[in-house]
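Hydrogens, waters and symmetry mates are skipped; everything else that's a heavy atom, side chains included, is used. The model shown is predicted, which means the values in this text are computed figures rather than measured ones.
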Amino acid sequence: MIDLKAARADPDRYRAALARKGAAEAFDELLAADERWRALVPRVDELRARTKLRGKPSPEQLEELRGVKEELQQVEASLAGAERDRDRLALRVPNLPADDVPDGATEDDARELRRVGEPPELADPKEHLELGRFDMDRAARMSGARFGYWIGDTARLALALYRYALDRLAAQGFVTVLPPVLVRAEALVGTGAFPTDEQNVYELAGDDLFLAGTAEIPLAGLHAGEIIDRDELPLRYVAFSPCFRREAGAAGRDTRGMIRVHQFNKVEQFALTLPEASWDEHERLLANTEELVRDLGLPYRVVVLPAGDMSAASAKTYDVEIWFPSQGRYRETASISNTTDFQARRLGIRYRDGKALEPVHTLNGTAVVDRMALAILENFQDGDGSVTVPGPLVALGAPRRIGGEPASTGD
RNA sequence: GGAGGGGUGGCAGAGCGGUCGAAUGCGGCGGUCUCGAAAACCGUUAUCCGUCGCAAGGCGGAUCGAGGGUUCAAAUCCCUCCCCCUCCGCCA
């Protein structure tokens, strides 16, 4: 939710910034609805004040009350309607993009910041399906398209990857969390997933619960409605969770393999900071992710998403993209966003600044995901169908080598 | 799933038709005392919206889990929903 008071005071700046996210019209509608609402407030307040009586009223007062209440009823109904309109529109207006975010609406407009590491030179790169042990066919039989089993050494590789990220971030002071992944609509509204990205969220049939597409949702909800001591900030969390996405609108894209599936696992960073600290924190979260990827030896690049390609909540998003030899290109494997006060406003997460209460800033960012394990398989293939697993993961229980011959560890 | 109890300010906890935005304690803030601090004592301290003001603040309204209802009047009575606790059942 944007700061409506600030928006009223400086509508041109807000409109210009929101236009870059394609939301100038939504913003104008919001301002108009806000104006309608504000015109009604003083009238309702005045009528309500006239209904307030102390002690037992006299017959004359009761007579007068009748008239006032009749009028009040009508004006209150108008006010309630105006408020509904305003609130509905307010939920649809996205966060303002930061000034240094490039224009554009698609991933082609992303600005590349740097490339780190060299893509491996492979004569005939195999793709992850051939290198690791996955079972897409049986998963399809059971769950449908875009599901897969991770089996044996390949599964152990993924588990070591999660542990690698969790351990490293815990050592940095991030508090480890295993969150609920079934959440209420409020949590999704609060993070900005609803109403703009509703079609990508699974809903449970018998209960009013939804499957979270990322641990960001329950992590943002962790402190919902709370007032946090200034001294306690920043709060940093790292969570492991499965993630569920309907991938509506992705029909036909990445239909092969495990690149884009309905269910995957992710280790997510989440931070709550003072407003003045969030841009430094954003860089810090990105640095954490880069360090994890770099220390595995994976070649990657960092891009800044254009305004029109970011989520509603985000003011600025970095993507870390890892090289996929089978595709000959970099693919998104991490997304790190500063949502500034957008989520904190919706969720009511505030800190006390002197006397006033102000919304905190929230940030989220991928530490590692399943997709990185696919990148490991592909980048460290040895040409004979086997894979040399990076040392840091072997130290955490991943097999030293994967493939080449039947799995020796696990089933 | 069944039975009962409960959701009140930063926290704990009273209030159970009007004098209640709400006792009291803790915590916070300011002060007295002190070389300084602790203790003690005094004062102060909810949030949101609108509006006026450069500001401090003033004025009006709303808010006692959420939504509806009864009433001239609701934290208090009624209904629905959500959540928490206790016991029973089931269960990793």
Can you check whether [X] has a side-chain N or O nearer than 4.0 Å to OP1 or OP2 of [N]?
{"X": "A:R184", "N": "B:C83", "result": "yes"}
{"X": "A:R350", "N": "B:C48", "result": "yes"}
{"X": "A:R38", "N": "B:U51", "result": "yes"}
{"X": "A:R86", "N": "B:G50", "result": "no"}

Heavy-atom nearest nucleotide on RNA chain B for A:K5 versus A:R352: which residue maps closer to 5'? A:R352

Quick one: are the ring centres of A:W323 and A:Y300 less than 6.0 Å apart? no

Looking for any heavy atom pair under 4.0 Å, which part of the strands does A:R230 touch: base, sugar-phosphate only, or nothing? nothing

Mind checking if A:R8 touches a base, just sugar-phosphate, or nothing, with heavy atoms under 4.0 Å? sugar-phosphate

More than 12 non-hydrogen atoms from neighbouring residues, nucleotides or ligands closer than 6.0 Å to CD on A:Q74, yes or no? no

Within a 6.0 Å radius of atom CZ on A:R8, are there more than 12 heavy atoms belonging to other residues, nucleotides or ligands? yes

Complementary nucleotide of B:C48, counting Watson-Crick and G-U pairs under 3.5 Å: B:G61

Using purine N1 to pyrimidine N3 plus N6-O4 or O6-N4 for Watson-Crick, or N1-O2 and O6-N3 for G-U wobble, each under 3.5 Å, what pairs with B:C87? B:G2

Do you know which of A:R50, A:R43, A:R48 makes salt bridge (charged side-chain N to carboxylate O under 4.0 Å, His left out) with A:E46? A:R50

Do the side chain of A:T191 and the main chain of A:L188 share a donor and acceptor less than 3.5 angstrom apart? yes

Span that lies between the [atom1] atom of [M] and that of [N], in whole angstrom:
{"N": "B:G53", "M": "B:G58", "atom1": "C1'", "value": "8 Å"}
{"N": "B:G25", "M": "B:A14", "atom1": "P", "value": "15 Å"}
{"N": "B:U70", "M": "B:G17", "atom1": "C1'", "value": "12 Å"}
{"N": "B:C90", "M": "B:A75", "atom1": "C1'", "value": "38 Å"}
{"N": "B:G61", "M": "B:G65", "atom1": "P", "value": "22 Å"}
{"N": "B:A37", "M": "B:A22", "atom1": "P", "value": "34 Å"}
{"N": "B:C85", "M": "B:C78", "atom1": "C1'", "value": "24 Å"}
{"N": "B:A3", "M": "B:U8", "atom1": "C1'", "value": "26 Å"}

Ignoring hydrogens and angles, does a donor from either the side chain of A:D45 or the base of B:G61 sit under 3.5 Å from an acceptor on the other? no

Side chain of A:A49 only, please: which of B:G60, B:A62, B:C48 is the nearest? B:G60

